[in-house]
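Take a look at the structure set out below.
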There are 2 protein chains.
Amino acid sequence: MSTLAASNQVTLADVAAKSGVSTSSVSKVLNLQPEQYRMSDQTRQRILDAVAALGYRPNFQARSLAKGRSHNIGILFEGSLPTILRDNDSGMLSGLEPILSDAAYQMVFIPIRQGSDEWKQMLSDRRVDACLVVNKLEDRVRQVLEQLRIPAVLVNGLANESIPTCNVDNVGMAKALTKHLLELGHQHIWMYTNIHVHKHHSVAERESGYQQAMIEAGLSEQINSFHMEFDAFVQKLVQIQQRPSAVVVYQHLEAVRLLQACWRHDIKVPDQLSVATFNNAYPVAHVIPPLTTMALPMLQIGEHAARLLLEMIEDSSNNKVVRTVPRFSGWHLVVRESTAHVMA
Amino acid sequence: MSTLAASNQVTLADVAAKSGVSTSSVSKVLNLQPEQYRMSDQTRQRILDAVAALGYRPNFQARSLAKGRSHNIGILFEGSLPTILRDNDSGMLSGLEPILSDAAYQMVFIPIRQGSDEWKQMLSDRRVDACLVVNKLEDRVRQVLEQLRIPAVLVNGLANESIPTCNVDNVGMAKALTKHLLELGHQHIWMYTNIHVHKHHSVAERESGYQQAMIEAGLSEQINSFHMEFDAFVQKLVQIQQRPSAVVVYQHLEAVRLLQACWRHDIKVPDQLSVATFNNAYPVAHVIPPLTTMALPMLQIGEHAARLLLEMIEDSSNNKVVRTVPRFSGWHLVVRESTAHVMA
DNA sequence: GTGAAAGCGCTAACAC
DNA sequence: GTGTTAGCGCTTTCAC
């Protein structure tokens, strides 16, 4: 006998009693598809009525224990909460949440902190059924995931043999963004990436898009991609003889900083320099001047990732391996005041 | 017999077998304080050794079921992810996470969405043992929480009879911020709050701090607090004959917007207008010009909230009621370029 | 078609 | 001091 406060929770047994059947029948009705078992419509209806009448809701923990599933999805990320998780409206979370909720899955945030093994504990304790890895899949994380055979989907990270990945069409986006600048008459266009994100696959992809656009415009000699510290890039920009008339910045955070640096060095944006970037996230619309940017289809990506995760959990017993690397092309260009026609 | 893949997980029974005792003895050693039961040091050591040797880790779901605890803390918020949750380094999450982890609690984010009862389901399903409510405790939420007797702590929200609250010392902060402006020679200082946050308690508190500072400086006739739409405030600022030389902005997001508006209307910051605000969060350091702001002690608040929640869960069986409204005064002023000496 | 019964892994009251 | 046992609420196999 337990001493825990006898909760007034309605249990399966209550429903079974009320409808005059066994708990297993109730369980069947609640969990299985009609074609997976035989039962008279009459009985089923009686059970359904009882469920409704009593307002029965299954006990999450009990179900988890019996099924060997935690019904948690771990959201793995390193350091601070990633940008793509922060924006809720039309952001990735908005895509994930409804789909996971419907499947009775909840999201648990798991920061990977330096000097803490908490994340590893969570995984090896099976406190999650699957993981969404954000931005980057480090080797040590991948190893743990593989070893524990925890299904995982990588979002916005380097595509990898071992794990399905959801990414935006970086090439297409960068190409379209560069084309926008070309159409404004710019020819001398640079691309800048902070050295610290150098290893991320999307860097190469966005650069490729930029390069393709330049080449198609017959400006291949003008191609110039910089990977350096922020301050070094600013120095370069300030000191160079023939300054470019436009810069494509790999990341919106850097673009915001670039605007500040231009202000410090009295470079007028967009008169003397057009600035364009990726991600229509805060605060790109509120800086000086408002930034032209590519809006990423994070909602769709979130939805896709959620479905993929659920599938993988489903299939994990079958040892099926899902291996897709979709490219999401639902991006669109948001033109604001940081880009303008090139000055004569 | 279950068909679930026989996991190779080490169970309590394994430990018991290996150390030649019963599962209950192992359970005692693992869960109770030594003073709560009798056991020979020998036996205890044997059990501890077996635990270590086998690498035993308790099954989270099973424990949850047996104890009637989900070991989840729900983080309740409305709409988008609140600012105070976003910054991870030295932010509230950094305060919460280690403490909750240590107590084997994990955080589950629960957005309160319009038109969705998902949050209510989560609560009534007891999928959380307690809740951290962020920014605002709406009546409908409070009612559900009370009815279900789910312990909750409000952070950064209006203090209320029914629920313990962790807040910053808004009065002190606003006073110090205003004093900074006064020391720079400003006399004609306004305060601005977006009308949409009007109901938040901290508005009145920050206003009170601002007013106190003004009064103590003998400038009570200069006190001017505005609650209006952003655009209306900007109009006011642009059109007024004698423009203030400084503005205290209730929220950093609005301060960022204000800088943009000043730029549009060719009001030089800080030469013609000093701008000061609260919260040293992104992107205040990266706007034009960098914003002077009050850094909030969110880390401490997070830590305190975490401890409070754990206590409340512990005490909930005893029907003890915790009712504290601490004020955290670990703030500090960060002076940047948006404030300067008043021009003659 | 339906139900009995054996778990899932752990906790805790109580007996010895 | 230590073990026995009865749960926690649900799922699933298998017998009827």
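Atom CG of L32(A) is separated from atom P of dG1(C) by 16 Å (rounded to the nearest Å). Atom CD in Q61(B) sits roughly 13 Å away from atom P in dT11(C) (whole-Å rounding). What separates OH of Y37(B) from P of dC16(C) is a distance of 24 Å, to the nearest Å. One interatomic measurement links the two molecules: CG of D125(A) to P of dG9(C), which rounds to 14 Å at whole-angstrom precision. Rounded to whole angstrom, the span from the NE2 atom of H71(B) across to the C1' atom of dG9(C) amounts to 14 Å. Going from atom CD of Q42(A) over to atom C1' of dT2(C) covers 13 Å, rounded to whole Å. One can place CD of Q36(A) at 16 Å from C1' of dG1(C), the figure rounded to the nearest angstrom. Between the CG atom of L12(B) and the C1' atom of dG3(D) there is a distance of 14 Å, given to the nearest Å.
Residues V134(B) and N156(B) form no side-chain contact, since every pair of their non-hydrogen atoms from C-beta on lies 4.5 Å or further apart.
Candidate nucleotides dC8(D), dT5(D), dT2(D) were compared by shortest atom distance to the side chain of L65(B), and dC8(D) ranks first. For A62(A), counting side-chain heavy atoms from C-beta on, the closest listed nucleotide (dG1(D), dG9(D), dG3(D)) is dG9(D).
In terms of phosphate contacts, R63(B) brings a side-chain nitrogen or oxygen within less than 4.0 Å of OP1 or OP2 of dT11(C). Put simply, Y56(A) has a side-chain N or O that comes within less than 4.0 Å of OP1 or OP2 on dC10(D). Note on N31(B): a side-chain N or O is less than 4.0 Å away from OP1 or OP2 of dT11(C). Applying the 4.0 Å criterion to OP1 and OP2 of dG3(C), one finds that S25(A) has a side-chain N or O inside that range.
For S24(B) and dG3(D), a side-chain-to-base donor-acceptor distance below 3.5 Å is present, hydrogens and geometry of angles not being considered. No donor-acceptor contact under 3.5 Å links the side chain of K67(A) to the base of dG9(D). The base of dG3(C) sits within donor-acceptor range of the side chain of K28(A), with an N or O pair under 3.5 Å.
Looking at heavy-atom distances under 4.0 Å, T43(B) makes contact with sugar-phosphate atoms alone, never a base. Within the nucleic acid shown, S40(B) comes within 4.0 Å of sugar-phosphate atoms alone, with no base atom in reach, counting heavy atoms only. The residue R38(A) sits close to a base: some heavy atom pair falls under 4.0 Å.
Taking for each of R46(A) and T23(A) the nucleotide of DNA chain C with the nearest heavy atom, the 5'-most of the two is the partner of R46(A).
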**Request:** Decide yes or no on salt bridge (Lys or Arg N to Asp or Glu O under 4.0 Å) for R44(B) and D41(B), but give the supporting numbers first.
**Result:** CA-CA 5 Å; R44(B) 181 175 15 249; D41(B) 285 351; 3.0 Å; yes
**Asked** Step by step, would you call D49(B) with Q45(B) a side chain to side chain donor-acceptor pair (under 3.5 Å)?
**Response** CA-CA 6 Å; D49(B) 289 346; Q45(B) 197 50 55; 3.1 Å; yes
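Atom CD of Q36(A) has more than 12 neighbouring heavy atoms from other residues, nucleotides or ligands inside a 6.0 Å radius. Atom CD of Q147(A) is surrounded by 12 or fewer heavy atoms from other residues, nucleotides or ligands within 6.0 Å.
Ring-plane geometry between H71(A) and Y105(A) is classed as parallel, the angle between the planes falling under 30 degrees on a 0 to 90 degree scale with a further cut at 60.
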